[in-house]
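To start, the structure itself, in structure tokens.
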Amino acid sequence: MMPMSLASPTATFAEDTWWIWLIKALFIVVYLIMSVIMALWVERRGLGRMQTRLGPNVVGPLGLGQAFADAIKLLIKEDFWLKGADKIVYFIAPGISALCAFSVYAVMPFGPEVSIFGHTTPLQLADSSVAMLYVLAVASLGIYGLVLGGWSANSTFPLLGSVRSAAQMISYELAMGLSLVSAFLVSGTMSTSSLVTAQTSIWNFIVCLPAFVTYIISMVGEVNRLPFDLPEAEGELVAGYSTEYSSMKFGWFYLSEYINMLNVSTVAVVVFFGGWRAPWPLSWIGDGVLNTGWWPMLWLIIKVWMFMFFMIWIRGTLLRFRYDQFMKLGWKVLIPVALAWLVAVATIQGLSAFTAINTQQVLLILAAIFLVIFAALWLRDIKAAKAEAEEADAVLDEDFDAFAGGFPVPPLPGQKLPPSPRAKRSPAYSSTKEVEVDE
């Protein structure tokens, strides 16, 4: 574990030329678009299997052509314009989201230095000593596309969806940023290539486990995926900020959502999961030969898709949070945990400059303590929820007047609505009453 002053240098691009930059940029665009197409197929097939159905299976082998058919449909679909919308903002909002989504990968390292047509260059478009600040800044700008898109439509549901997006971004990006800062302190750098180098001996998710767990939860909320898809909850807001969009204007929002899934997954891999480095024990084969050349690109893609499938899996498993539960988790759980861990890491890093302590061992012990505290709080919440359920069950089943307060209210747990006049006249109701009297 390297202190801040000994952080490894960023990648060098001394031999890069304009056509190498062009090749890298084109590769990133093609890679992201093809990854989105594959993500759509994996998600629909995966959710189908989880829900005991087939999913896409007609267009192409194993339904692989379905995503291409959907893309063509979006391209040729009628593109309408709203009469009351702010047409300029309404038009550029999807472009803002898409541009910010594509820009994040500019500093993501796919591998070490390789030779491209005789030029030695890193498998990375660009890097700097504050590359992760660039990632966080671009991710923050992307929310403007959602907010402006919902506001410019001059419609109620899109506006509510855009406001929810802004609140969600503020809540969960704070926790995400705090969890990343602790990893920066441990690695001693904010350069993406240097973060990978700093994890040569041990990956950050091991020594920064509380920060890693906080980031994983925050990244799902950041990209508006279930169970945190409140900005586009179809049962409440139709489709949220994208309700009044069609054709490729809607397509850009749709594309940016899946690219952002790739972005947060790649950041998780680079910051916490060793980046492009081969997992143990493959990293020991041939004295680390699998960490050289073009092999590392394969490891990075496999790790990224592991996180992508994790987000697909929880979509098919968990229910949507209520909005109050969603905000409580962000402000009362994730942010305090991330902040407490950041203070602990900063304290240990400061002490390591004056004392000969093994920071890795201390951080591992602290991570274990955090997990024990988290498990205790989790069990306490479970017991509290069971107690509330038992209290609700203890309430006697009794008829109540829904209009007692002057306006209709739903029954509380344990209460029941009185039977309607029509139900009272039914033979089934009469027989039920006779049974109750006999008892």
Side-chain angles (χ1 to χ4, degrees), residues 132 135-136 139-140 143 163-186 204-233 236 260-261 263-265 267-268 271-273 307 310-348 363-389 391-392:
M132 286 305 303
V135 171
L136 294 174
S140 300
I143 196 64
V163 172
R164 282 186 174 187
S165 298
Q168 185 161 330
M169 184 275 293
I170 294 171
S171 302
Y172 281 75
E173 196 158 281
L174 281 172
M176 177 185 289
L178 290 172
S179 62
L180 291 176
V181 170
S182 62
F184 301 157
L185 286 176
V186 171
N204 282 340
F205 88 94
I206 299 175
V207 294
C208 292
L209 188 58
F212 174 67
V213 174
T214 304
Y215 177 85
I216 292 299
I217 299 173
S218 300
M219 80 176 188
V220 180
E222 187 73 9
V223 295
N224 302 333
R225 295 281 298 183
L226 268 169
F228 306 128
D229 64 334
L230 278 303
E232 46 185 307
E236 308 163 33
N260 282 328
M261 288 175 61
N263 290 338
V264 296
S265 299
V267 170
V271 177
F272 294 103
F273 249 65
F307 285 98
F310 169 75
M311 284 189 277
I312 294 171
W313 193 350
I314 63 173
R315 176 181 177 179
T317 305
L318 302 179
L319 298 174
R320 181 181 299 121
F321 275 49
R322 291 199 319 262
Y323 202 77
D324 60 318
Q325 295 171 332
F326 169 74
M327 284 299 176
K328 179 181 177 181
L329 177 65
W331 287 96
K332 293 186 177 181
V333 179
L334 296 181
I335 292 178
V337 169
L339 185 58
W341 178 254
L342 175 60
V343 172
V345 171
T347 303
I348 294 170
L363 288 174
L364 289 174
I365 294 172
L366 273 181
I369 295 173
F370 266 76
L371 286 179
V372 171
I373 295 174
F374 177 78
L377 295 176
W378 184 278
L379 291 175
R380 186 198 66 179
D381 291 342
I382 291 177
K383 290 182 179 179
K386 286 183 177 180
E388 290 179 2
E391 290 178 3

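Predicted model only: the values in this text are computed from it and were never measured.
Scored by the side-chain contact (heavy atoms from CB on, under 4.5 Å) test, Leu371 finds Leu209 as partners (sequence neighbours excluded). Looking at residues two or more places apart in sequence or on another chain, you find a ring-ring contact (aromatic ring centres under 6.0 Å, His included) between Phe307 and Phe273. For Phe228, the ring-ring contact (aromatic ring centres under 6.0 Å, His included) partners are Tyr172, Phe321, Phe326, not counting sequence neighbours. Remark: Met169 engages Ile143, Glu173, Glu222 in a side-chain contact (heavy atoms from CB on, under 4.5 Å) (not counting sequence neighbours).
Within the 4.5 Å cutoff, no side-chain heavy atoms of Val207 are placed close to those of Phe272. Side-chain atoms of Phe310 and Ile216, non-hydrogen and from C-beta on, do get closer than 4.5 Å to each other. A 4.5 Å side-chain heavy-atom check between Phe212 and Asn204 finds every atom pair outside the cut-off. With a 4.5 Å cut-off on side-chain heavy atoms, Val267 and Val135 count as touching.
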List the steps and the verdict of side chain to side chain contact (heavy atoms under 4.5 Å, CB included) for Val264 and Met311. CA-CA 11 Å; Val264 296; Met311 284 189 277; 4.2 Å; yes
Show your reasoning for whether side chain to side chain contact (heavy atoms under 4.5 Å, CB included) applies to Leu178 and Thr214. CA-CA 9 Å; Leu178 290 172; Thr214 304; over 6 Å; no
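Annotation: the span from Leu363 atom CG to Ile206 atom CD1 amounts to 12.0 Å, rounded to 0.5 Å. The OG atom of Ser179 sits 10.5 Å away from the CG atom of Leu174 when rounded to the nearest 0.5 Å. Separating the CZ atom in Arg164 from the CG atom in Asp229 is a distance of 9.5 Å, to the nearest 0.5 Å.
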Throw together a table of side-chain donor-acceptor distances under 3.5 angstrom for residues 329-348, partners on residues two or more places apart or in other chains.
residue, atom, partner, partner atom, Å
Trp331, NE1, Ser171, OG, 2.8
Thr347, OG1, Val343, O, 2.8

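Within 6.0 Å of CG in Leu319 there are 12 or fewer heavy atoms belonging to other residues, nucleotides or ligands.
Between Pro227 and Val220, the closest heavy-atom pair is CD-CG1, 4.3 Å. Cys208 and Ser182 get closest at one heavy-atom pair: SG-O, 4.3 Å. When all heavy atoms are compared, the tightest approach of Leu226 to Arg315 is CD1-CG, 3.7 Å.
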